[in-house]
Amino acid sequence: MASEDASLDLDSIFPEPERPPTPEPTFSVYTRPDPSAEPRDIRIRLVGSHPLWAHHFHLLWRWNASRSFASLLDTTRLCQDHTVLELGAGGALPSIIAVLSGASKAVVTDYPDAPLIDNIRHNITENVSSSLRDRICVKGYIWGQDVQPLLDLLSPANTGFDVIILSDLIFNHSQHDALLNTCERSISDHPSACVLVFYSHHRPHLAHRDMEFFEKARSRGWKTDEIVREIFPPMFPEDPGDESVRSTVHGWKLTKS
């Protein structure tokens, strides 16, 4: 309640600190390995700020894994004629490359908050031609929740997703079970259906916690194989921990045994 003496108002006694300005969006470019690919350069915008990731650097932190993921999908055409689900997409580079390399349908998801979802739509509009946009759609989704709204985006002929993409998500240790729950409920019964998990150990002292994801997956009946190990310059050389650990991207393939 305001006081008759304006100098005694709570806002005067405990003034709110000025809100720091929202960081400008970060842009990164992925150049596709095939010189004849169209488009050749994929320009990805990352949101300037979001409470889910203290600031925009956390999304940039994940860029190396996205680049390695995109390169695999581009060169192997692993998603060609398959349905794709990406969880926690961020800038959505892997999903965009999946569609450009022949995926029949890609459903791109992230936390259901307007700035994140709108940013994914921006990146799709900027990098996917109008002739292919009916193959890719965006949906807000919280890991571990009902997957039926995601499956409803597929044609009735599809029993689930043939390829599920997890790009640099397993540092969320408390969400390992939720991620696996979603994968188990949404993967198709196609013989080659798989979950692809790419990551770096950004906090080397917690690498063992990252690896608990695969221990849990194996205990739930998944077969796990490391298929990629690639070295990049670390995004933030000043971060603590062994630089060689932080700069290595690992890619794993999970299949139901």
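Only a predicted model underlies this, so the values are computations on that prediction, with no experimental measurement involved.
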So, using side chain to side chain donor-acceptor pair (under 3.5 Å) as the criterion, who are the partners of [X] when residues are at least two apart?
X      : value
Asn127 : none
Glu184 : Arg220, Trp222
Ser155 : Asn158
His176 : none

Taking Ser247 for the side chain and Glu243 for the main chain, is one N or O donor matched with an acceptor at less than 3.5 Å? yes
Is a side-chain N or O of Lys105 found less than 3.5 angstrom from the main chain of Asp134, in a donor-acceptor match? yes
Residues His201 and Asp242: side-chain donor-acceptor under 3.5 angstrom: no
Test Tyr199 against every option in Val249, Ile170, Thr248 by the side-chain contact (heavy atoms from CB on, under 4.5 Å) rule and name the one that passes. Ile170
Val108: which of Ile165, Asn123, Ile136, Val84 passes side-chain contact (heavy atoms from CB on, under 4.5 Å): Ile136
Tell me, which pairs form a ring pair (Phe, Tyr, Trp, His ring centres under 6.0 Å) where one or both residues lie in residues 69-88, sequence neighbours left out? Phe69-Phe198, His82-His190
Who passes side chain to side chain contact (heavy atoms under 4.5 Å, CB included) against [X], sequence neighbours left out?
X      : result
Glu126 : His122
Pro112 : Ile142
Asp225 : Lys223
Thr125 : Arg133

Residues 29-43 vs salt bridge (charged side-chain N to carboxylate O under 4.0 Å, His left out), sequence neighbours excluded, gives Arg32-Asp74
Quick test of your reading: applying salt bridge (charged side-chain N to carboxylate O under 4.0 Å, His left out), list the pairs with at least one residue in residues 140-163, sequence neighbours left out, ordered by first then second residue. none
Check the hydrophobic clustering (I, L, V, M, F, W, Y; side-chain heavy atoms under 4.5 Å; chains of links allowed) and say if Val197 and Leu206 are grouped together. no
Counting only heavy atoms not in Lys256 (residues, nucleotides, ligands), do more than 12 fall under 6.0 Å from its NZ? yes
Any salt bridge between Arg229 and Glu226, counting N to O under 4.0 Å? yes
Closest non-hydrogen contact found for Ile117 with Asp110 is CD1-O, 3.9 Å
For Ile187 against Cys194, the heavy-atom pair lying closest together: CD1-N, 3.9 Å
Kindly determine whether Ser66 and Tyr30 satisfy side-chain hydrogen bond (donor to acceptor under 3.5 Å, both in side chains), including the steps that lead there. CA-CA 9 Å; Ser66 291; Tyr30 164 74; over 6 Å; no
What pairs of donor and acceptor atoms, side-chain ones from residues 86-102 against any protein atom, are under 3.5 angstrom apart with sequence neighbours left out?
| unit_1 | atom_1 | unit_2 | atom_2 | d |
| --- | --- | --- | --- | --- |
| Glu86 | OE1 | Ser95 | N | 3.2 |
| Glu86 | OE1 | Ser95 | OG | 2.5 |
| Ser101 | OG | Ile97 | O | 2.8 |
| Ser101 | OG | Ala98 | O | 3.2 |

